[in-house]
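Residue numbers begin at 1 in each chain, while the letters A, B, ... track the order of the sequences.
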There are 2 protein chains.
Amino acid sequence: MTEVAGRIEIYGQCEIVMANTTSLPTLQDVAAAAGVSTATVSRVINFPAQVAPATRAKVEATIAQLGYSPHFGARVMAARRTNTVGAIIPTMENAVFARGLQAFQDELSAHGYTMLVASTGYSAANEAEQVKALVARGADALLLIGHKRDQAIYDFLAAQGIPTIITWAFDPSSGRPSVGFDNAAAMRDMARQVIDMGHRQLALISAETASNDRAMERYLGIQAAMQDKGLPEENLLFIETSYGIEEGAIAFKQAMSASNPPSAVFCGNDVLAVGALRQARDSGIHVPDDVSIIGFDDIELAQVAYPPLTTVHVPHREMGRLAAAALIGWLKDGTPPNTVELLAYPVMRSTLAPKD
Amino acid sequence: MTEVAGRIEIYGQCEIVMANTTSLPTLQDVAAAAGVSTATVSRVINFPAQVAPATRAKVEATIAQLGYSPHFGARVMAARRTNTVGAIIPTMENAVFARGLQAFQDELSAHGYTMLVASTGYSAANEAEQVKALVARGADALLLIGHKRDQAIYDFLAAQGIPTIITWAFDPSSGRPSVGFDNAAAMRDMARQVIDMGHRQLALISAETASNDRAMERYLGIQAAMQDKGLPEENLLFIETSYGIEEGAIAFKQAMSASNPPSAVFCGNDVLAVGALRQARDSGIHVPDDVSIIGFDDIELAQVAYPPLTTVHVPHREMGRLAAAALIGWLKDGTPPNTVELLAYPVMRSTLAPKD
DNA sequence: TTGTAAGCGTTATCAC
DNA sequence: GTGATAACGCTTACAA
């Protein structure tokens with residue numbers, strides 16, 4: 001593997017001629033040029049049906065001729081909404097969020113909304129800041145990941161009257177509108193199948209659970225399954241690490257060098273699982289003959305990993321799309337949407353096999 | 001592989017109490033409560049240093065007590081800028097864009113800007129629409145991918161006075177500020193090495209070149225290398241397909257069933273390459289002994305593919321970060337930034353081997 | 001169907 | 001340092 005340091009070359013100054021930014025045409029200009037009132041021009045833009053065809057045609061021609069486009073700030077100020085919706089996610093580098101976000105944006109866009117994005121890097125403090133930033137930037141509504149955050153944030157959003165939807169989690173007891181899935185139940189279902197296959201010594205390589213309720217729920221799901229099946233808690237080796245392929249690899253190595261190594265290694269997400277898979281290959285450990293590896297999320301990576309990864313399928317796109325639809329409805333009706341539970345379910349590929 | 005249809009359950013109406021949205025406190029309210037003028041409150045918010053400490057403390061206390069936060073639209077209207085920057089990309093589902101976008105947003109966020117995102121789904125018509133949408137939503141500046149688009153779009157942006165930076169491409173002759181890399185040169189460098197290894201019969205599985213100048217450039221890069229090395233054009237089998245693992249697999253199958261099958265298959269991106277790799281495995285074709293496969297982008301997938309994929313490394317994050325920095329500087333100084341070329345270079349892993 | 005005119009909540013320019 | 005006050009460009013009753 002050959003890698004050279006990125007070289008940067010600077011080229012000469014570009015010559016871009018920007019418009020005379022002092023004088024974009026205004027509604028008034030259009031009205032004057034078309035010989036109508038500003039109200040009529042405004043109507044042509046917002047409620048064309050209310051304007052006589054002849055007048056409308058005249059105004060539209062003037063708009064085109066002058067290259068007029070409405071001033072955003074003035075519009076927001078007068079109409080008291082931005083048609084902009086914010087999304088705050090841990091990071092777009094995680095494919096699950098990128099995928100969900102794309103679907104969220106597609107749906108918003110189809111309904112005339114624009115999406116503002118902020119990311120937290122999985123930091124709770126950061127999230128609080130980003131919530132304020134997006135609200136200050138005029139987000140009419142917000143999408144958040146998971147339920148767990150300071151109550152002050154919820155209070156702030158309620159005080160500002162910002163409709164907010166929770167995704168990636170499901171907890172009807174919270175009383176907050178959400179579109180998500182039950183992380184604990186999904187992982188529990190998978191763990192039951194694994195235990196039924198004869199696995200008794202288990203490990204979980206988890207994302208950090210401190211500020212990530214989804215990771216915690218998945219952990220609890222495995223514990224629940226173990227309890228159901230009568231396995232003692234000690235039979236689960238719990239390893240917490242940060243997000244990344246390398247991190248998954250290191251944690252896997254650690255798990256396998258335990259005094260009582262697991263025959264099945266659960267991973268909190270597919271990226272960690274793929275890291276574990278690579279480490280197994282590098283260590284000459286055969287998957288699934290020597291050890292089973294189980295992921296979570298079912299991203300593209302899972303299908304093309306070798307062997308293809310057994311994982312829990314999460315309907316990321318559907319979640320993003322429905323979250324957008326819910327917010328759009330909320331903004332329109334003024335009434336909070338119902339909470340929606342989506343199903344996440346095991347997908348059996350080739351990294352899980354019965355124990356002996 | 002077991003998959004069940006996603007089940008959706010609807011739960012009871014959530015009871016969210018939204019604030020009396022008719023009465024958020026305004027600057028005036030704060031001024032009245034603190035016993036100062038609106039101008040002073042505005043200064044406390046925007047230029048705290050200009051206000052006497054005692055006054056400032058009093059005003060800040062009032063702001064906190066009333067839970068005041070500035071109205072976005074009014075602010076935009078008066079200040080004539082939104083501190084919002086738009087990014088228009090093909091899709092976030094492509095990891096290269098997700099990665100670049102994350103870096104772009106991080107840098108923006110660190111400087112007090114917020115990011116608006118729109119996506120085109122690789123459609124030129126869509127892009128024109130999104131440009132207008134983001135400008136209408138008050139984007140102060142824009143990031144675009146690649147140079148190729150209707151001149152009308154550039155004219156519109158110039159007329160509106162919207163600083164715009166081009167990324168993912170490098171063409172100093174365009175005269176437009178950009179932060180990118182030379183797609184043709186990067187692919188040419190890789191192709192030269194491949195040809196030097198003795199490969200004579202080549203194939204390229206390319207993304208669609210019609211509305212994607214990066215894909216076209218990569219194609220031209222291979223052609224240039226072939227010409228340098230004296231290989232006739234006919235020795236390159238060109239297959240164009242859309243983005244996706246499955247698409248790569250299908251195209252690979254097609255390439256290998258040609259009357260004169262290639263010994264090296266270039267792919268326009270890593271996702272296509274991973275699809276090709278999977279198809280090779282499924283067909284019992286050994287990589288790189290039977291055929292070499294070369295990707296482009298160096299996303300995570302490339303490292304964990306089996307065998308690890310030889311590809312062209314693209315500094316996506318650096319590109320996003322520098323693009324943000326360039327726009328921020330442009331907005332601040334009012335002068336367009338210099339064009340920056342980043343280096344994309346071959347990364348030799350395990351899917352490329354000398355021909356016999 | 002169209003026009004008039006009153007805000008909308010800031011920022012910024014003046015005086016003081 | 002601080003206070004009046006005039007924009008800023010649009011939407012939306014209400015009137016005609």
Sorted by chain and number, sequence neighbours left out, salt bridge (charged side-chain N to carboxylate O under 4.0 Å, His left out) with Glu107(A) holds for none
- Report which part of the nucleic acid Val51(A) touches: base, sugar-phosphate, or nothing (heavy-atom distance under 4.0 Å, all strands). sugar-phosphate
Glu60(A) meets the salt bridge (charged side-chain N to carboxylate O under 4.0 Å, His left out) criterion, sequence neighbours left out, with none
The side-chain hydrogen bond (donor to acceptor under 3.5 Å, both in side chains) partners of Arg99(A) (sequence neighbours excluded) come to none
Side-chain atoms of Val36(A) come closest, of dT1(C), dG3(D), dG3(C), to dG3(C)
Contacts of Tyr154(A) meeting side-chain hydrogen bond (donor to acceptor under 3.5 Å, both in side chains) (sequence neighbours excluded), chain-then-number -> Arg149(A)
Taken in chain and number order and not counting sequence neighbours, the residues that satisfy side-chain contact (heavy atoms from CB on, under 4.5 Å) with Ala39(A) are Ser37(A), Arg43(A)
Atom CZ of Phe72(B) and atom C1' of dC8(C) are separated, to the nearest Å, by 15 Å
Quick tally for nucleotides 8-16 of chain D: nucleotides whose base has a protein heavy atom under 4.0 Å get B, sugar-phosphate-only ones S, the rest -, giving BBBBBB---
